[in-house]
Amino acid sequence: TASSASVDQVSSNTLSVYPNPASDMLVIDGNGKSFTLISITDATGKIVSTFDEGKQLKQHQINLSSFTPGMYTIETMVDDTRSYLRFIKK
């Protein structure tokens with residue numbers, strides 16, 4: 001039986017983001033792989049959050065309380081490859 005991602009989870013090769021849409025907290029899960037968070041941009045391309053690029057993570061929670069509702073893109077690095085994940089703040 002093939003497994004499928006739940007409706008509220010977005011995956012990009014290795015990483016998962018949930019819940020999506022999110023209201024207060026967002027979890028980025030490396031599913032066992034290390035990743036580096038770089039930035040979060042809003043729908044207009046404006047950077048709304050940046051991170052310590054040297055820090056390797058397996059999972060990370062982001063507090064969304066200061067984010068306005070809308071679509072955002074998370075830029076990450078996994079194995080020297082940039083990866084982009086989208087989420088909606090409700």
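All residue numbers refer to positions in the sequence shown, counting from 1.
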Asker: Find out whether T73 and I40 are in side-chain contact, i.e. whether some heavy atom of one side chain is under 4.5 Å from a heavy atom of the other.
Answerer: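 Side-chain contact under 4.5 Å: no.
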Asker: Once the angle between the rings of H60 and F51 is folded into 0 to 90°, is it parallel (under 30°), tilted (30 to 60°) or perpendicular (over 60°)?
Answerer: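 Geometry flag for F51 against H60: perpendicular rings.
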Asker: Taking G32's backbone N and O only, do any of them form a donor-acceptor pair with K58's side chain (distance below 3.5 Å, no angle check)?
Answerer: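 Present.
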Asker: Enter the distance from K90:NZ to S23:OG here, rounded to the nearest 0.5 Å.
Answerer: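 K90 NZ to S23 OG: 5.0 Å, rounded to 0.5 Å.
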Asker: Taking the side chain as C-beta and beyond, is there a heavy-atom pair between L57 and S34 under 4.5 Å?
Answerer: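 Side chain of L57 against side chain of S34, heavy atoms only: no contact under 4.5 Å found.
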Asker: State, yes or no, whether a side-chain contact exists between K33 and D79 at a heavy-atom distance under 4.5 Å.
Answerer: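 The answer is yes, as the side chains (C-beta and beyond) meet within the 4.5 Å cut-off.
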Asker: Would you say the side-chain atoms of N20 pair up with the backbone N or O of R86, donor to acceptor, closer than 3.5 Å?
Answerer: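 Such a contact is found between N20 side chain and R86 backbone.
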Asker: To the nearest 0.5 Å, what is the distance between OG1 (T50) and CG (L37)?
Answerer: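 Nearest 0.5 Å value for the OG1-CG distance: 10.5 Å.
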Asker: Of the non-hydrogen atoms in T68 and K89, which two are nearest, and what is the gap between them?
Answerer: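 Taking T68 first and K89 second, the nearest heavy atoms are O-CG, 3.5 Å.
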Asker: Going by heavy atoms in the side chains, are L64 and M25 under 4.5 Å from each other?
Answerer: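 Counting from C-beta outward, L64 and M25 never come under 4.5 Å.
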Asker: Measure the spacing between CD1 of I74 and CZ of F35 and express it to the nearest 0.5 Å.
Answerer: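 One gets 9.0 Å once the value is rounded to the nearest 0.5 Å.
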Asker: Any sub-3.5 Å donor-acceptor pair from T76's side-chain atoms to S83's backbone N or O?
Answerer: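 Yes: the side chain of T76 pairs with the backbone of S83.
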Asker: Is any side-chain heavy atom of M77 less than 4.5 Å from a side-chain heavy atom of I38?
Answerer: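 Yes - at least one pair of side-chain heavy atoms lies under 4.5 Å apart.
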Asker: Output the distance between atom OG (S49) and atom CG (D42), rounded to the nearest 0.5 Å.
Answerer: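 Here the rounded value is 11.5 Å.
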Asker: Can T41 and E75 be counted as having a side-chain donor-acceptor contact under 3.5 angstrom?
Answerer: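 Distance-only check fails for T41 and E75.
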Asker: Check whether the side chains of D24 and S65 place a donor and an acceptor atom closer than 3.5 Å, and report yes or no.
Answerer: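 Absent: no donor and acceptor within the cut-off.
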Asker: Looking only at heavy atoms, what is the nearest atom pair of S16 and N31, with distance?
Answerer: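 Nearest heavy atoms, S16 then N31: OG-ND2, 2.9 Å.
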Asker: Would you kindly confirm whether L26 and V48 end up in one hydrophobic cluster when ILVMFWY residues are joined by side chain heavy atoms under 4.5 Å apart?
Answerer: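 Cluster IDs for L26 and V48 match.
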Asker: Run the side-chain contact (heavy atoms from CB on, under 4.5 Å) test against V27 and tell me which residues pass, sequence neighbours left out.
Answerer: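 V27 satisfies side-chain contact (heavy atoms from CB on, under 4.5 Å) with Y18, Q59, Q61 once adjacent residues are dropped.
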Asker: Just wondering, do L15 and D29 contact through their side chains at under 4.5 Å, heavy atoms?
Answerer: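 D29 does not reach L15 side chain to side chain.
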